[in-house]
S.K.: 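After the structure tokens below, expect a handful of questions from me.
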Amino acid sequence: PEQWFDWVLSVQVIYHTTGGKSVAGLVDGQTYYVIVVDATHVKLANTLADALAGRAVALSTMGAGSSQSITPLLTGSQVTFNASAVTPSC
């Protein structure tokens, strides 16, 4: 999504799936840290140290459903995405 362009490294976000299957490697309700890849792609890390080192969570499957979201803790402005847009990393 276009909104990700303004995100910076280490922003804390909460991942949610409201219906459908979670992206494998992510846990609904869990806090993650953003690793910005480019203007339209991010990766998520389990800890701030992991994000700063560029170590992203390994995603093994895309999940299912169009109600996946990540919400920055500071702004609360939810970004919703379709699980089919997720690229597995392993």
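One-based numbering along the sequence shown.
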S.K.: Counting N and O atoms only, with roles assigned by atom type, does the side chain of Y33 sit under 3.5 Å from a partner on the main chain of L52, one being a donor and the other an acceptor?
M.R.: no
S.K.: Given the rule in the side-chain contact (heavy atoms from CB on, under 4.5 Å) test, do I70 and L44 qualify, once you have shown the distances and angles that lead to the verdict?
M.R.: CA-CA 10 Å; I70 51 178; L44 300 177; 4.2 Å; yes
S.K.: Residues two or more places apart in sequence or in another chain: which of them pass side chain to side chain contact (heavy atoms under 4.5 Å, CB included) with N46?
M.R.: Y32, D50, V57
S.K.: Using atom types as modelled and distance alone, determine if a side-chain donor or acceptor of Q30 lies under 3.5 Å from a backbone N or O of H16.
M.R.: no
S.K.: State plainly whether one hydrophobic cluster holds both V42 and V27, where clusters connect Ile, Leu, Val, Met, Phe, Trp and Tyr through side-chain heavy atoms under 4.5 angstrom apart.
M.R.: yes
S.K.: Over all heavy atoms of both residues, which pair between V34 and A51 is shortest? Give the atoms and the distance, please.
M.R.: O-CB, 4.1 Å
S.K.: Restricting to non-hydrogen atoms, name the atom on A45 and the atom on R55 that form the minimum distance, rounded to 0.1 Å.
M.R.: CB-O, 3.4 Å
S.K.: side-chain contact (heavy atoms from CB on, under 4.5 Å) for L73 and T31? Distances and angles first, verdict last.
M.R.: CA-CA 9 Å; L73 293 181; T31 299; 4.1 Å; yes
S.K.: Out of curiosity, K21 NZ to Q68 CD, how far, rounded to the nearest 0.5 Å?
M.R.: 11.0 Å
